S.K.: 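My structure is below; once you've seen it, I'll send some questions.
Only this structure's heavy atoms are used, side chains among them; waters, hydrogens and symmetry mates stay out. Here the structure is a predicted model, which is why all the values come from computation and not from measurement. A, B, ... follow the sequence lines: proteins, then strands. Residue 1 opens every chain.
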Number of protein chains: 2
Amino acid sequence: MSADATPARIIEAAGPIFAAKGFEAATVREICHEAGVNLAAVNYHFGSKEGLYVATVRQAHPNRLEQRFVPDQPAGATPSQRLRGFVWAMISRLLELKAAEWQWRLLFREITDPTPICRELLQEHFRAGFGALLAIIDDVVDPELPLHRRHQIALSIVGQCVYYRSATNIIPMIVGEDELAAHYKAEMLTDHITGFSLAALGLGPPVGSAPGSNHRETCPERRSDP
Amino acid sequence: MSADATPARIIEAAGPIFAAKGFEAATVREICHEAGVNLAAVNYHFGSKEGLYVATVRQAHPNRLEQRFVPDQPAGATPSQRLRGFVWAMISRLLELKAAEWQWRLLFREITDPTPICRELLQEHFRAGFGALLAIIDDVVDPELPLHRRHQIALSIVGQCVYYRSATNIIPMIVGEDELAAHYKAEMLTDHITGFSLAALGLGPPVGSAPGSNHRETCPERRSDP
DNA sequence: AATTGTATCAAACGATTGTTTGCCTCCAGG
DNA sequence: CCTGGAGGCAAACAATCGTTTGATACAATT
């Protein structure tokens, strides 16, 4: 039986548990019970609990997460459409995190509460996703805009998306459960964030006007930074 | 000796430890050793470790955190100036979180990894800060804009600010240490986020054009230091 | 003076943790 | 048939955790 070999079964059981509880709170006993293996199997095959964690994260990384941030786009898509595609891929994945595969949750936990082991893995992954967003931005901003300004624009867009996940616990306290259920689905948030960001970039109408009313085009110039 | 009474000394010692390690990882032994009191003092005065945690959060809340989000503004401040003041208060406090008082770090930890106990405390606190931002937004958007749209605008602004804290670990991996040190100080980020948000609201020039090409100072808004 | 209640202390308790220990079975190579 | 190593097993180990205990000191009250 090499298909359900013990080390693979342990990793399969450890993934969701590590993802749900974190490294410290997860117990070897629960993992082994879930995997249906003996308690001593973890230390036999992986040396220690830490060794199991490294093996689990290492397997979670490349298999499923490589280009999830970069959805397939039609060839002739406009920058606005590509930006919306990026935001939607990010938002939908973040909001469905609870139901998502454990690989994603484990990676997300590594972001907010990092284990020193996995720096290179994360660096490679997030640089790829961030680069895809930068490529979109580069097409719509002044080519002479400094790199750090373009980075900040990208971070503003990513920040809006991520906030709906990292603040899952306080957003209902602020807007209420009813409004949350009615107006905070993935597609609506994508509309808002895309519209907000396109307006900031001068590619769309400003937010803040009620639907149906006409808005004047003001302030076409830029401001000089200090 | 009511000045250095044992319960007060325990809370003083427990605050930084809870803030640094969280409820689970913090140990009663370390707290008591730091406070210079006996191990049994926690359960004697607070009933349990949980009781101590509640008392600690309860004391952290009202004393120092009530209106930190709402800096004092001059009476005739424009909405742009008030928005910049709000962003600056939030950004500067988030970025200096490591050096900040333990009360702030403890509250921030409750946001990302909440303990079910403190819901009401947090709700009251964040509703106050969020209300201050909403009051600014209400002055510049169409009065008929639905409430949830105004909420989303406020969340977009808050999200940009918070992201620089919650992604502390991956931002240097993306932009590099040099750029981080050069262009991501509190004031520069305040400039960027304020400019980005004002542009999205139609109150300022769009971001994305290089500085120094052609200046046209027709927009009246200008920043003000807090 | 005797009593009561509060506060502190060292010590131990019970539970849970990651890890280690012998002993068992199995099976391919001699 | 014998043998030796790999893998699996129940059990125990050592450390740490929050909590409890019983004794003691001290102040206020009766």
S.K.: Reading DNA chain C in the 5' to 3' direction, which nucleotide is the first one with an atom under 4.0 Å from a heavy atom of chain B, and which is the last?
M.R.: C:dT6 to C:dA12
S.K.: Where each residue is assigned the nucleotide of DNA chain D containing its nearest heavy atom, which of A:His45 and B:Val42 is assigned the position nearer the 5′ end?
M.R.: A:His45
S.K.: A:Asp139 versus A:Arg82: any side-chain heavy-atom pair under 4.5 Å?
M.R.: yes
S.K.: Figure out the CG/P separation between B:Asn38 and D:dT20, and round it to whole Å.
M.R.: 14 Å
S.K.: For B:Phe23 and D:dC17, what is the distance between atoms CZ and C1' respectively, to the nearest whole Å?
M.R.: 12 Å
S.K.: Would you kindly give the CD-to-C1' distance between B:Glu50 and D:dT19, to the nearest whole Å?
M.R.: 13 Å
S.K.: With a 3.5 Å distance limit and no angle check, can you tell me whether B:Arg150 reaches the backbone of B:Leu145 through a side-chain donor-acceptor pair?
M.R.: yes
S.K.: Over how many whole Å does the gap from B:Ile17 atom CD1 to D:dG18 atom P extend?
M.R.: 11 Å
S.K.: Measure the distance from CG on A:Asn43 to P on D:dA6 and round it to the nearest whole Å.
M.R.: 18 Å
S.K.: State the CG-CG distance between B:Leu94 and B:Leu189, to the nearest 0.5 angstrom.
M.R.: 10.5 Å
S.K.: Are any of the side-chain heavy atoms of B:Phe46 and B:Ile11 separated by less than 4.5 Å?
M.R.: yes
S.K.: What is the separation between atom NZ on B:Lys49 and atom C1' on D:dG18, rounded to the nearest whole Å?
M.R.: 8 Å
S.K.: Of A:Tyr44 and A:Thr27, whose closest DNA chain C nucleotide lies nearer the 5' terminus?
M.R.: A:Thr27
S.K.: Indicate, with a heavy-atom threshold strictly under 4.0 Å, whether B:Ala25 touches base, sugar-phosphate, or nothing.
M.R.: nothing
S.K.: To the nearest Å, how far apart are B:Lys21 NZ and D:dT16 P?
M.R.: 13 Å
S.K.: Under 4.0 angstrom, heavy atoms only, what part of the nucleic acid is B:Ala41 near: base, sugar-phosphate, or nothing?
M.R.: nothing
S.K.: For residues 27-49 of chain B, which residue pairs pass the side chain to side chain donor-acceptor pair (under 3.5 Å) check, not counting sequence neighbours?
M.R.: B:Lys21-B:Glu30
S.K.: Name the orientation class of the two ring planes belonging to B:Phe23 and B:Phe18 (parallel below 30°, tilted from 30 to 60°, perpendicular beyond 60°).
M.R.: parallel
S.K.: Tell me yes or no: between the side chains of B:Arg149 and A:His192, is some donor less than 3.5 Å from an acceptor?
M.R.: yes
S.K.: Is the phosphate of D:dG7, meaning OP1 or OP2, less than 4.0 Å from a side-chain N or O of A:Thr6?
M.R.: no
S.K.: What is the separation between atom CZ on A:Arg29 and atom P on D:dA10, rounded to the nearest whole Å?
M.R.: 13 Å
